[in-house]
Amino acid sequence: MNITSLAIEKSRITAVALVVILAGGLMSYGGLPRAEYPGFVIRVAQVITVYPGASPERVEMLVTDKLEKAIVEMPELDFVTSQSKAGVSIIMVSVKESYNQMRPIWDDLRRKVQRAKADLPDNVIGPDVNDEFGDVFGTVITLTGEGFTFAELKDVANEVRDEMLLIEEAAKVDIYGAQEERIFVEYSNARLSELGISPVLLGQILDSRNIVLPGGEVTDGVDRIVLEPSGNFETVEQLRRSVISLPGTNEFLYLEDIATVERGIEFDLAAFEPAEVDRAINDFMDNLLEAIVVVVVVMLVFLGLRTGIVVASLIPMTIIMTLLVMSLLNIGLTQVSLAALIISLGLLVDNAIVMVESIQVHMSEGKGAVQAALASATELRTPLLISSLTTIAAFLPIYLAESSTGEYVAPLFKVVTITLLCSWLLALTMVPLLATRFVRAKAHPGRSKYETPFYGRYRNALLFTLRHQILTVVAAIVVFMLAVLGLGL
């Protein structure tokens, strides 16, 4: 007993299974991971070293060259490019595309760079290895606040970042554009001279106040009290009220008496990737639905109502079943995976057309509906499987390509494979079951359906090609060469 006979004999179980697949696929669609484009591994890192005051030639000789000699020892290395500018060295390290686990490789890169640092000049800054410059932030939020200082805005940004990091889906939160706080103490040289205070002395006085020193501790039995002396500046007002002692006198002044001290909310979405993803997915879904409608209409027009309905039913059912399998395999919705569904439309419908056509032929020869369906399934299940696998194999090189391009378009192969195999499975179960209910064909025992003028002319043309095999092969080669030449146009 094969799968087709089971599907027909246990029609109620088959119907329930189809309903479960239909419901599961529709529910899976809402939970599928979504992205505008598939992800791929970034195999490039930057090594940045700052050498203040050095010319490009000295940067190349004293920094870049020494780092490159250490980096090229890595066996995973593909190639290295570098730029030596005035005061800065930038090295781009590219790893072979056959490697996918990048964390151990970047750790090895850091160790080699750190080892080479001992041979660099003492006053260099770095080198720093940046292996995250390829990160893409899905959401960019701006923070503005009229009347708030930059320092206050940064405090709010820090609080918001801490809250966002608690979101399970958030992998990384960075703050960009934060303005470093500067406090300016503007004084008059004449006023300082009048008070006998030099600018250097004023700076030393302020430095001596803004320090953190241990204050000791007091122990009272089991209690221990830690003394924390004050003195560090927490606000601008505290800085203004700093006490300045006048040299050679017992008089004191506040800093604001001799100098001017000064500093010198709203959220908005600057970029929201989920909205762009929804727009791209919805556009492609519209294209997919349009393609489905066009194919269904063509089936109904050229195959008739009954046959067209049976054939057309395979299309949405295969798409829904494919979505269910994609969710089980964690294959998300991207422009590439949706494009694969559109590509598969013209391929998956062939299984149903061939199966229904074969059933009609057997029915026209006098067989019953069930017998015709079983005979067609037995005759076609292997050829249809081989045909599907052959088509799948055409997309296999894309999947096997050891490159970023291969990673990017890998969903194309995966989705086409799932779609065609689902189509083949449904063509052996659902289509024969529906065909026994809806497909009709006039029985002409002893006379084939193909005994018509049209098929007669086709038979004569086919016999001509078989009798003139060399001519046929030469003609096929000529047509192929013309097609190749036509690619240039």
Exercise for the section: Indicate yes or no for a side-chain donor-acceptor contact from T378 to the backbone of L374 under 3.5 Å, with no hydrogens or angles considered. Expected result: yes
Practice task
May I have the step-by-step check of salt bridge (Lys or Arg N to Asp or Glu O under 4.0 Å) for K69 and D65, ending in yes or no?
Solution key: CA-CA 6 Å; K69 289 180 179 178; D65 185 60; 3.3 Å; yes
Exercise for the section: Begin with the C-alpha distance, continue with both residues' side-chain angles, and end with the deciding distance and a verdict on side chain to side chain contact (heavy atoms under 4.5 Å, CB included) for T14 and M430. Expected result: CA-CA 8 Å; T14 304; M430 183 187 74; 5.9 Å; no
Completion exercise
Separation between CH2 (W106) and CD (E76), nearest 0.5 Å, reads 9.5 Å
Problem - Closest non-hydrogen atom pair between L77 and S94, with its separation - result: CD1-O, 3.4 Å
Handout entry: From CD1 (I392) to CG (L389), nearest 0.5 Å
Key = 5.0 Å
Problem - Contact check, side chains of S11 and T436, non-hydrogen atoms, under 4.5 Å - result: no
Practice task
Provide the closest heavy-atom pair for G332 versus M326 in the form atom of the first, atom of the second, distance.
Solution key: O-CE, 3.7 Å
Problem - I418 CD1 to T318 OG1 distance, which is reported to the nearest 0.5 Å - result: 12.5 Å
Practice task
Taking all non-hydrogen atoms of both residues into account, name the closest pair between I105 and Y99 and its distance.
Solution key: CD1-CB, 3.9 Å
Exercise for the section: Using the side chain to side chain contact (heavy atoms under 4.5 Å, CB included) rule, take D78 and V95 through it: C-alpha gap first, then chi angles, then the decisive distance, then the call. Expected result: CA-CA 5 Å; D78 189 6; V95 175; 5.7 Å; no
Problem - Validation row: D128, N130 side chains within 4.5 angstrom (heavy atoms) - result: no
Problem - Worked verdict on N100 versus R43 for side chain to side chain contact (heavy atoms under 4.5 Å, CB included) - result: CA-CA 8 Å; N100 294 319; R43 298 177 173 84; 2.8 Å; yes
Handout entry: OH/Y399: more than 12 non-hydrogen atoms of other groups inside 6.0 Å
Key = no
Exercise for the section: Step by step, work out the side chain to side chain donor-acceptor pair (under 3.5 Å) result for S358 and S376. Expected result: CA-CA 6 Å; S358 177; S376 298; 2.9 Å; yes
Fill in the blank from the handout: The single option from L67, I91, V93, V59 that satisfies side chain to side chain contact (heavy atoms under 4.5 Å, CB included) with S82 is I91
Problem - Validation row: L426, L348 side chains within 4.5 angstrom (heavy atoms) - result: no
Handout entry: V63 and S84, any side-chain heavy atoms less than 4.5 Å apart
Key = no
Practice task
Under the side chain to side chain contact (heavy atoms under 4.5 Å, CB included) rule, what do D131 and R110 come out as? Steps first, then yes or no, please.
Solution key: CA-CA 10 Å; D131 60 348; R110 286 186 171 87; 3.2 Å; yes
Exercise for the section: Kindly say whether L466 contributes a backbone atom to a donor-acceptor pair with the side chain of Q469 at under 3.5 angstrom? Expected result: yes
Exercise for the section: State whether a side-chain donor-acceptor pair under 3.5 Å links S89 with T64. Expected result: yes
Practice task
Compare every heavy atom of M355 with every heavy atom of L380, then report the nearest pair and how far apart it is.
Solution key: CD1-CA, 4.1 Å
Practice task
Step through the shown structure and confirm whether more than 12 heavy atoms of other residues, nucleotides or ligands are within 6.0 Å of CG on L400.
Solution key: yes
Fill in the blank from the handout: Minimal heavy-atom distance between A352 and L314, with the atoms involved, is CB-CD2, 3.3 Å
Handout entry: Main-chain N/O of L347 paired with S344 side-chain donor or acceptor, under 3.5 Å
Key = no
Problem - Atom of C422, atom of M321 and distance for their closest heavy-atom approach - result: SG-CG, 3.8 Å
Problem - Side chains of L323 and L333 in contact at under 4.5 Å (non-hydrogen atoms) - result: yes
Exercise for the section: Please indicate whether R12 has more than 12 foreign heavy atoms, meaning atoms of other residues, nucleotides or ligands, lying under 6.0 Å from its CZ. Expected result: no
Practice task
Find the distance between CG (L341) and CG (L412) and round it off to the nearest 0.5 Å.
Solution key: 10.0 Å
Practice task
State, with a plain yes or no, whether a side-chain heavy atom of Y176 is found less than 4.5 Å away from one of D174.
Solution key: yes
Practice task
Please answer whether the main-chain N or O of V361 pairs with a side-chain N or O of S364 as donor and acceptor at a distance below 3.5 Å.
Solution key: yes
Exercise for the section: To the nearest 0.5 Å, tell me how far E73 CD sits from E68 CD. Expected result: 12.5 Å
Handout entry: Atom pair OG1 (T322) and CG (L421), whose distance is rounded to the nearest 0.5 Å
Key = 9.5 Å
Exercise for the section: Find out whether L329 and K414 are in side-chain contact, i.e. whether some heavy atom of one side chain is under 4.5 Å from a heavy atom of the other. Expected result: no
Practice task
Could you check if a side-chain atom of L425 sits within less than 4.5 angstrom of a side-chain atom of I3, using non-hydrogen atoms only?
Solution key: yes
